[in-house]
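What you see is a predicted model, and the numbers here were worked out from it, not measured in a lab. Any value given below was found using the heavy atoms of this structure, including those in side chains, with hydrogens, waters and symmetry copies removed.
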Amino acid sequence: MSGVKSRREQYSEATRAALLEAAARRFAEHGFAATALEDVAADIQATRGAVYHHFANKTALFRAVYEDAETAMLKRVEAAAALHADDPGAAADAALEMFLECCCEPVYSRLVWQEAPVALGWREWRASEEQHAFGMIERTIRTLIDVGKLPPLPVTTFARTVIHLLGSAGIDLALTAEADRARVKDEYLEVLRYMLGGRP
């Protein structure tokens with residue numbers, strides 16, 4: 001079988017990508033409740049039927065936008081950590097700083113910390129947050145314990161505590177006035193570094 005995609009498949013993929021981009025802007029600017037599928041479709045000069053071809057409803061569209069935002073954030077965090085692959089402490093610190101930087105960005109912060117709990121419901125949102133980040137946090141903590149950067153506490157419980165701390169920081173940054181976000185981010189970075197055994 002040929003690996004070359006047909007024009008129909010290419011068009012379908014391009015339409016889906018455009019819908020996700022337009023929906024991300026709409027959800028970030030107007031919120032989940034105030035965003036209509038017709039508006040998302042109109043932004044890319046498509047029909048409402050084109051939206052339903054790819055997504056069953058508005059919640060499904062938001063879920064896809066949210067998943068893209070989280071995946072992109074994790075890639076950035078992992079890339080920041082990879083720059084310090086030979087130093088677990090510096091890698092963890094770079095990952096933490098990049099995460100907080102993402103939480104200062106208007107689109108990511110609104111989608112993930114303000115709109116997702118409303119659009120997906122609290123239980124799904126919390127479960128998804130853990131699904132995306134928990135494994136990386138747990139691996140990081142285990143490594144830091146192994147190299148003596150953190151005390152030998154129960155790893156899973158430690159990771160769950162950290163993910164809740166990071167979530168609280170993310171929510172707070174999302175609710176902070178844009179002019180104050182850089183300052184508040186630096187304060188969280190200082191506090192979290194101290195709590196996680198890094199430099200203050």
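To the nearest 0.5 angstrom, Arg63 atom CZ is 13.0 Å from Asp68 atom CG. A distance of 11.5 Å separates CG in Asp172 from CH2 in Trp113, rounded to the nearest 0.5 Å. One finds the CZ atom of Phe158 at 11.5 Å from the OG1 atom of Thr140 (value rounded to the nearest 0.5 Å). Annotation: the span from Glu115 atom CD to Thr35 atom OG1 amounts to 7.5 Å, rounded to 0.5 Å.
For CD of Glu124, the number of neighbouring non-hydrogen atoms (other residues, nucleotides, ligands) closer than 6.0 Å is greater than 12.
Here the rule is side chain to side chain contact (heavy atoms under 4.5 Å, CB included) with Val40, and of Lys58, Arg26, Arg48 only Arg26 fits it. The only member of Phe55, Phe27, Trp125 that meets ring pair (Phe, Tyr, Trp, His ring centres under 6.0 Å) when paired with Phe62 is Phe27.
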Inset, instruction - Tell me, with the steps shown, if Ser128 and Glu70 meet side chain to side chain contact (heavy atoms under 4.5 Å, CB included). - result: CA-CA 9 Å; Ser128 183; Glu70 287 288 59; 5.7 Å; no
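At distances below 3.5 Å, not a single donor-acceptor pair connects side-chain atoms of His53 with backbone N or O atoms of Gly49. No donor-acceptor pair closer than 3.5 Å links the side chain of Lys185 to the backbone N or O of Leu173. Remark: the backbone N or O of Cys104 is paired with a side-chain donor or acceptor of Arg181 at under 3.5 angstrom.
Using modelled atom types, one finds a donor on one side chain and an acceptor on the other under 3.5 Å when comparing Arg126 with His164.
Within the 4.5 Å cutoff, side-chain heavy atoms of Leu166 are placed close to those of Ile137.
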